[in-house]
Q: 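Handing you a structure now.
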Amino acid sequence: MITNSDGYIQLIHFLADNLAIFEHHSQQGTSSTDTIGDIFSEHIANNTMTVCSQHQQLTEKHRFVIIREIDAIVGDLEEVLSSAWNVSPSHEQMAFIEEFVGLMKNLFDSEISKLV
């Protein structure tokens, strides 16, 4: 679905272009005990639920495809951000995560409109 799309490649390039944000692990993170991995997972889960509720015409098969895609994306993120995955995010990292996941949701919305 999206992990084989040009849009996903562009999204990964966007992540690669911004990897420097995740290279420094300072203590100036948010006051949260959540890690970058936790925040990514939470935002992705929330957006996945939003996508599924906004596209009620999705079949069960489509929903399973979306879940498999999400698992692959989270796996990619965990691999790319492995050195920072278990670190509390800074404010800049939080802003990037929100933007990245929003772009990911837009990509899903676009691809889903082609399915149904």
Side-chain angles (χ1 to χ4, degrees):
M1 180 182 211
I2 75 162
T3 54
N4 296 324
S5 71
D6 289 336
Y8 186 67
I9 292 169
Q10 292 174 355
L11 194 61
I12 294 302
H13 283 291
F14 176 64
L15 174 62
D17 290 343
N18 289 282
L19 278 179
I21 296 170
F22 295 96
E23 289 177 357
H24 303 288
H25 310 298
S26 70
Q27 298 301 321
Q28 297 175 342
T30 61
S31 60
S32 171
T33 58
D34 291 334
T35 66
I36 287 172
D38 294 335
I39 301 298
F40 259 117
S41 297
E42 180 181 325
H43 279 69
I44 290 171
N46 288 338
N47 277 296
T48 302
M49 289 187 284
T50 300
V51 164
C52 289
S53 68
Q54 288 175 335
H55 299 277
Q56 295 181 358
Q57 71 278 22
L58 290 172
T59 65
E60 187 173 311
K61 179 181 174 183
H62 290 136
R63 292 174 195 272
F64 284 127
V65 169
I66 290 169
I67 297 302
R68 276 197 312 266
E69 292 278 314
I70 294 296
D71 285 344
I73 292 167
V74 170
D76 290 347
L77 289 169
E78 187 173 4
E79 185 175 328
V80 170
L81 299 172
S82 61
S83 67
W85 196 251
N86 293 313
V87 176
S88 293
S90 68
H91 296 291
E92 183 180 25
Q93 292 165 339
M94 286 290 295
F96 176 84
I97 292 168
E98 290 171 10
E99 182 176 6
F100 183 90
V101 174
L103 291 170
M104 194 180 83
K105 181 193 177 299
N106 291 344
L107 189 55
F108 269 101
D109 286 333
S110 175
E111 290 298 315
I112 288 170
S113 69
K114 295 175 187 176
L115 284 177
V116 290

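Start at 1 with the first residue, then count along the sequence.
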Q: Kindly say whether T35 contributes a backbone atom to a donor-acceptor pair with the side chain of D38 at under 3.5 angstrom?
A: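 Yes, because the side chain of D38 sits within donor-acceptor range (under 3.5 Å) of the backbone of T35.
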Q: Can I70 be reached from F64 by stepping across I, L, V, M, F, W or Y side chains whose heavy atoms are under 4.5 Å apart?
A: no
Q: Between E69 and F108, is the side-chain contact (heavy atoms from CB on, under 4.5 Å) condition met? List the steps.
A: CA-CA 10 Å; E69 292 278 314; F108 269 101; 3.8 Å; yes
Q: Which salt bridge (charged side-chain N to carboxylate O under 4.0 Å, His left out) pairs, counting each pair once, include a residue from residues 79-107, with sequence neighbours left out?
A: K105-D109
Q: So which heavy atom on D34 is nearest to which on P89, and how close?
A: O-CD, 3.3 Å
Q: Going from CG on L81 to CG on N86, what distance comes out if it is rounded to the nearest 0.5 angstrom?
A: 11.0 Å
Q: Strictly distance-based, threshold 3.5 Å: is any side-chain N or O of Q93 a donor or acceptor partner for the main-chain N or O of I21?
A: yes
Q: Nearest 0.5 angstrom please: I97 CD1 to F40 CZ, how far?
A: 4.5 Å
Q: What is the minimum heavy-atom distance between Q57 and Q54, and which atoms define it?
A: OE1-O, 4.5 Å
Q: Counting distance only, does the side-chain N/O of H62 pair as donor-acceptor with the main-chain N or O of T59 below 3.5 Å?
A: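 Indeed, once roles are kept as given, a pair shorter than 3.5 Å links the two residues.
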Q: What verdict does the side-chain contact (heavy atoms from CB on, under 4.5 Å) test give for I67 and T48, after you've listed the backbone C-alpha separation in whole Å, the side-chain angles of each residue and the deciding distance to 0.1 Å?
A: CA-CA 8 Å; I67 297 302; T48 302; 4.2 Å; yes
Q: Give, for atom CG of L15 and atom CG of L19, the distance between the pair rounded to the nearest 0.5 Å.
A: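 One finds 5.0 Å between CG of L15 and CG of L19.
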Q: With rounding to the nearest 0.5 angstrom, report the CG to CZ distance, L11 to F100.
A: 3.5 Å
Q: Please lay out, stage by stage, how I112 and I66 fare under the test side-chain contact (heavy atoms from CB on, under 4.5 Å).
A: CA-CA 9 Å; I112 288 170; I66 290 169; 3.6 Å; yes
Q: Check the pair N47, M104 against side-chain contact (heavy atoms from CB on, under 4.5 Å), reporting the backbone distance first and the verdict last.
A: CA-CA 9 Å; N47 277 296; M104 194 180 83; 5.7 Å; no
Q: What pairs of residues pass the side-chain hydrogen bond (donor to acceptor under 3.5 Å, both in side chains) test when at least one of them lies in residues 13-22, not counting sequence neighbours?
A: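 For residues 13-22: none.
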Q: For the backbone of I2 and the side chain of S5, can you confirm whether one donor and one acceptor N or O come within less than 3.5 Å of each other?
A: yes
Q: For a quick test of reading the model, state the closest non-hydrogen atom pair linking A72 to T3 and the distance between them.
A: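 Minimum heavy-atom contact is CB-CG2, 4.2 Å.
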Q: Would you please indicate if the ring centroids of F96 and F14 are separated by under 6.0 Å?
A: yes
Q: Working to the nearest 0.5 angstrom, can you tell me the gap between F22 CZ and S82 OG?
A: 12.5 Å
Q: Applying ring pair (Phe, Tyr, Trp, His ring centres under 6.0 Å), name anything that partners Y8, two or more places apart in sequence or on another chain.
A: none
Q: According to a 4.5 Å side-chain heavy-atom criterion applied to Ile, Leu, Val, Met, Phe, Trp and Tyr, with indirect links allowed, do I9 and V101 form part of one hydrophobic cluster?
A: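 Different hydrophobic clusters.
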Q: Ignoring hydrogens, what is the shortest heavy-atom contact between W85 and S41? Give both atom names and the distance.
A: CZ2-OG, 4.5 Å
Q: List the atom of I36, the atom of A84, and the distance in Å for their closest heavy-atom pair.
A: CD1-O, 3.4 Å
Q: Is any side-chain N of the basic residue among E60 and R63 closer than 4.0 Å to the acidic one's carboxylate O?
A: no
